[in-house]
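The analysis underlying the following values was restricted to heavy atoms, covering all of them including side chains, and did not include hydrogens, waters or symmetry mates. In what follows, chains are A, B, ... by sequence order, proteins preceding strands, each numbered from 1.
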Amino acid sequence: MIQSLPGFKDILPNETRKWQFVENICRDIFESFAYQEIRVPILEKAQLFSRSVGNDTDIVQKEMYTFKDKSDQFVTLRPEGTACVVRALIQHHLIHEGMHKFYYIAPMFRYERPQRGRFREFHHLGVEAFGESSPYVDAEIMEMNAEILKRLNMDVRVEINNIGCRKCRPSYTKVLREYLMGKKELLCEDCQRRLDTNPLRILDCKKESCKKITAFAPSILDYSCDECRNHFNEVQRLLTKMNIDFVVNEKIVRGLDYYTKFVFEVISDKLGAQGTVSAGGRYNDLVEDLGGSPTPACGFAAGEERVIELFDYKEDDKFVDAVVIPVGKDTSDFSFLLTGDLRKEGFKVEFISSGSLKSALRKANKWKAKWVLIIGDEEIKENTVSLRDLEKSVQKKVRVEDIISVIRQGLDE
RNA sequence: GUGGGUAUAGCUCAGGUGGUAGAGCACCAGGUUGUGGCCUUGGUGGUCGUGGGUUCAAGUCCCACUACUCACCCCA
């Protein structure tokens, strides 16, 4: 048997309804905030991600689907959406065209070991807003998040942080490194390595021994510049005003290099080890870094698989309203054409062309169809149809020209 | 890449110390020669993940591999 690749999932019909539900709600919300959908390619040049996400990040170092195409160029299945949207923004001069806020619902790919809540193909519900450095944009991003969580009735917490900018972060990194250097032997193996590559990441280490050390480390909040500090304060003020609950967690660092100033995570305790449902923040330097003109930006992405695992969906999925069953010989053509007529009226209709009446009714019952139209020689002769309501167990002969109106009104007992 | 757990029918799972496989649900059909759901009767369906080994005999013991899964790393 050939089966799907590890970490790649089929989304079967009994699940797709739920996906559509989530996507429709998010679409509604994004568009109410005046974001426009953008669709960008799944495959990009590899360097787009090494330059944006950061060459030393785990995503780039060990998680990307990168390979050579037939012209010997390195291409990558996108591990995230932001870099792709920024590329499109620059390439098509979208800001000059009056387009600056975008959303996407799209698959992403990372070559990781699959586990609960993490797959090699997964889906992001993401938004990106360009050209505005004011904290109102950060607040707007958070408001959209809150709206999604509310509409889907999810139990989560919001953690935010300020990770500074290019002006102030280096000095903090230096202080932090100096502090940790003094306790190097107490850190885990990974963190000792991080001292060189990315000291900020040590703050995020989950090992108890490291946590003990970082608990008393200098806080980034004490080292940020006035601009970053003011921005962060303003965002907090707005969140409070909007009644969005949050906690400041100065240990949050993101796994992507491009973030500046405001970052956040939305976390659930009900998802196992992978609790982050949604995350994002500001990235004021990325557009310029990728060759565009300096453009502040802010965005976030929610993991659709994780959202879907969290919210409770309670609509039953009826995929068929009526089933048409011909009985006897020379009744099939008429029944088949009638099926088409019902479909044109907007009903979901299935035509059963073989098997016994009994088995056809069993199928109709299993599919939870409300209506069954039974058409035999007698009905043809009389120009009628035996219309049965499976929910009420009521059946009547109805003249062919009255079928649609009777179905619309319902059968009397 | 590293560690743990699991692998028997379409699904969920039973199968002490070795003696060539079972249940429930699902599916198909009959009980009603044109009537579903409940009931009842019967039926289809398994090279017991794969490949080796021990043995007269392996679902069961040993080894290897693969897949799935959870966790680490990291992330949505």
Side-chain angles (χ1 to χ4, degrees), chain A residues 1-9 14 53-54 56-64 78-82 105-126 145 148 156 188-191 193-194 198 201 204-207 252-256 264-268 271-281 299-310 323 325-329 331 352 355-379 386-395 397:
Chain A
M1 181 183 61
I2 295 174
Q3 52 177 30
S4 57
L5 292 166
F8 286 70
K9 299 280 184 201
N14 55 359
V53 173
D56 292 330
T57 58
D58 277 28
I59 291 180
V60 170
Q61 284 297 311
K62 47 183 234 195
E63 293 172 8
M64 290 211 303
R78 61 177 179 215
E80 60 113 30
T82 302
I105 300 173
M108 305 294 162
F109 305 86
R110 290 182 200 172
Y111 192 88
E112 305 177 86
R113 282 288 276 269
Q115 69 185 72
R116 184 174 176 198
R118 182 166 63 199
F119 312 99
R120 289 184 174 178
E121 181 187 35
F122 59 103
H123 296 76
H124 269 175
L125 302 146
N145 253 285
I148 291 171
V156 293
C188 69
E189 214 174 293
D190 288 330
C191 285
R193 180 174 43 78
R194 288 176 183 135
N198 191 351
R201 188 70 59 70
D204 207 26
C205 186
K206 284 167 197 130
K207 293 210 172 66
I252 291 183
V253 294
R254 312 283 7 275
L256 298 79
F264 76 95
E265 292 186 9
V266 176
I267 303 160
S268 165
L271 289 176
Q274 309 304 325
T276 306
V277 179
S278 165
F300 82 92
E304 192 167 4
E305 283 80 359
R306 294 181 187 179
V307 169
I308 281 176
E309 192 176 335
L310 267 184
V323 174
I325 307 171
V327 177
K329 49 186 190 304
T331 54
I352 296 183
S356 67
L357 174 60
K358 183 177 183 136
S359 75
L361 280 163
R362 278 190 183 152
K363 283 178 192 163
N365 187 60
K366 186 184 170 95
W367 297 334
K368 299 188 175 97
K370 178 173 172 64
W371 298 105
V372 164
L373 288 79
I374 299 162
I375 300 161
D377 299 327
E378 206 177 299
E379 283 87 349
S386 288
L387 182 65
R388 182 171 183 82
D389 180 333
L390 289 184
E391 292 166 6
K392 292 186 187 166
S393 295
V394 181
Q395 180 170 329
K397 278 189 179 167

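- Not one side-chain nitrogen or oxygen of A/Arg116 sits closer than 4.0 Å to the OP1 or OP2 atom of B/C68.
- Taking CZ of A/Arg120 as the start and CZ of A/Arg113 as the end, the distance is 8.0 Å to the nearest 0.5 Å.
- Atom C1' of nucleotide B/C72 and atom NZ of A/Lys62 are separated by 9 Å, given to the nearest angstrom.
- Side-chain to base pairing of A/Ser393 with B/G37: one donor and one acceptor N or O lie within less than 3.5 Å of each other.
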Per-nucleotide protein contact string for nucleotides 44-51 of chain B (B base, S sugar-phosphate only, - none; heavy atom under 4.0 Å): --------
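- Under the salt bridge (Lys or Arg N to Asp or Glu O under 4.0 Å) criterion, A/Arg362 pairs with no residue at all, not counting sequence neighbours.
- Among all heavy-atom pairs drawn from A/His124 and A/Gly303, the shortest one is CD2-CA, 4.4 Å.
- Applying the salt bridge (Lys or Arg N to Asp or Glu O under 4.0 Å) criterion to A/Glu265, with sequence neighbours excluded, gives A/Arg254.
- Listed by residue number, A/Gly272, A/Ala273, A/Gln274, A/Thr276, A/Val277, A/Ser278 are the residues of residues 271-278 of chain A with a heavy-atom contact under 4.0 Å to RNA chain B.
- Atom CZ of A/Phe109 is separated from atom P of B/A76 by 16 Å (rounded to the nearest Å).
- Atom CG in A/Leu390 sits roughly 19 Å away from atom P in B/G34 (whole-Å rounding).
- Between A/Pro6 and A/Leu357, it is A/Leu357 whose nearest contact on RNA chain B lies nearer the 5' terminus.
- Tested against A/Glu305, the residues A/His123, A/Lys9, A/Gln274 include a single side-chain hydrogen bond (donor to acceptor under 3.5 Å, both in side chains) partner, A/His123.
- With sequence neighbours left out, the ring pair (Phe, Tyr, Trp, His ring centres under 6.0 Å) criterion links A/Phe109 to no other residue.
- Remark: A/Ala360 pairs with A/Ile325, A/Ile352 by the side chain to side chain contact (heavy atoms under 4.5 Å, CB included) rule, at least two apart or across chains.
- The two atoms that bring A/Ala273 and A/Gln115 nearest to each other are CB-NE2, 3.9 Å, heavy atoms only.
- Classification of B/G4 as anti follows from a glycosidic angle more than 90° from 0.
- Within 4.0 Å (heavy atoms only), A/Glu378 reaches at least one base atom of the nucleic acid.
- Residues satisfying the side-chain hydrogen bond (donor to acceptor under 3.5 Å, both in side chains) criterion with A/Arg116, sequence neighbours excluded, are A/Glu309.
- Computed from coordinates, the A/Glu309 CD to B/C70 C1' distance equals 13 Å when rounded to whole Å.
- Contact of the A/Ile374 side chain with the A/Gln395 side chain is registered, since non-hydrogen atoms from C-beta on lie closer than 4.5 Å.
- The two atoms that bring A/Asp377 and A/Lys329 nearest to each other are OD1-O, 3.1 Å, heavy atoms only.
- Applying the ring pair (Phe, Tyr, Trp, His ring centres under 6.0 Å) criterion to A/Phe8, with sequence neighbours excluded, gives no partner residue.
- Comparing A/Glu391 and A/Phe119 by the nucleotide of RNA chain B whose heavy atom lies nearest to each, the residue mapping closer to the 5' end is A/Glu391.
- Considering all non-hydrogen atoms of both residues, A/Pro114 and A/Pro6 come closest at CG-C, 4.2 Å.
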Per-nucleotide pairing state of RNA chain B [Watson-Crick or G-U, under 3.5 Å; [ ] pseudoknot-crossing; | other strand]: (((((((..((((.....[..)))).(((((.......))))).....(((((..]....))))))))))))....
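- Within the 4.5 Å cutoff, the side chain of A/Leu390 has no heavy atoms near those of the A/Val323 side chain.
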So which protein nitrogen or oxygen atoms get under 3.5 Å of nucleotides 26-28 of chain B's nitrogens or oxygens?
{"from": "B/A26", "atom 1": "O3'", "to": "A/Lys366", "atom 2": "NZ", "distance (Å)": "3.4"}
{"from": "B/C27", "atom 1": "OP1", "to": "A/Lys366", "atom 2": "NZ", "distance (Å)": "2.6"}

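- Among the atoms of the strands shown, none is found under 4.0 Å from any heavy atom of A/Thr57.
- Residue A/Arg201 contributes atom CZ, which lies 15 Å from atom P of B/C72 at whole-angstrom precision.
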Per-nucleotide protein contact string for nucleotides 4-9 of chain B, where B marks a base within reach and S marks sugar-phosphate only (heavy atoms under 4.0 Å, - for neither): ------
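- When the P atom is used for both B/U60 and B/G51, the distance is 13 Å, rounded to whole Å.
- Residue A/Leu256 is in sugar-phosphate contact alone, with no base atom involved, counting any heavy-atom pair closer than 4.0 Å across all strands shown.
- How far CE of A/Met108 is from CD1 of A/Ile59: 11.0 Å, rounded to the nearest 0.5 Å.
- Side-chain to base pairing of A/Glu379 with B/G34: one donor and one acceptor N or O lie within less than 3.5 Å of each other.
- When heavy atoms are screened at a 4.0 angstrom cut-off, A/Asp58 is found touching the sugar-phosphate backbone but no base atom.
- In this structure, the CD atom of A/Gln3 is 8 Å from the P atom of B/A67, given to the nearest Å.
- Across B/A57 and B/U20, the matching P atoms stand 14 Å from one another, rounded to whole Å.
- At a threshold of 4.0 Å, the pair A/Glu378-A/Lys397 counts as salt-bridged, since one of the basic side-chain nitrogens sits closer than that to a carboxylate oxygen.
- The salt bridge (Lys or Arg N to Asp or Glu O under 4.0 Å) search around A/Glu112 returns A/Arg118, not counting sequence neighbours.
- Close to B/G34, at under 4.0 Å from its OP1 or OP2, lies no side-chain N or O of A/Lys329.
- Taking atom CD of residue A/Gln395 and atom C1' of nucleotide B/G37, one finds them 15 Å apart after rounding to whole Å.
- Remark: C1' of B/G37 and CZ of A/Arg388 are 10 Å apart, rounded to the nearest angstrom.
- The two atoms that bring A/Gly117 and A/Arg306 nearest to each other are O-NE, 2.8 Å, heavy atoms only.
- In this structure, A/Glu80 reaches neither bases nor backbone, as no heavy-atom distance under 4.0 Å exists between it and the strands shown.
- A/Ala364 comes within contact range of no nucleotide atom at all, as no heavy-atom separation falls under 4.0 Å.
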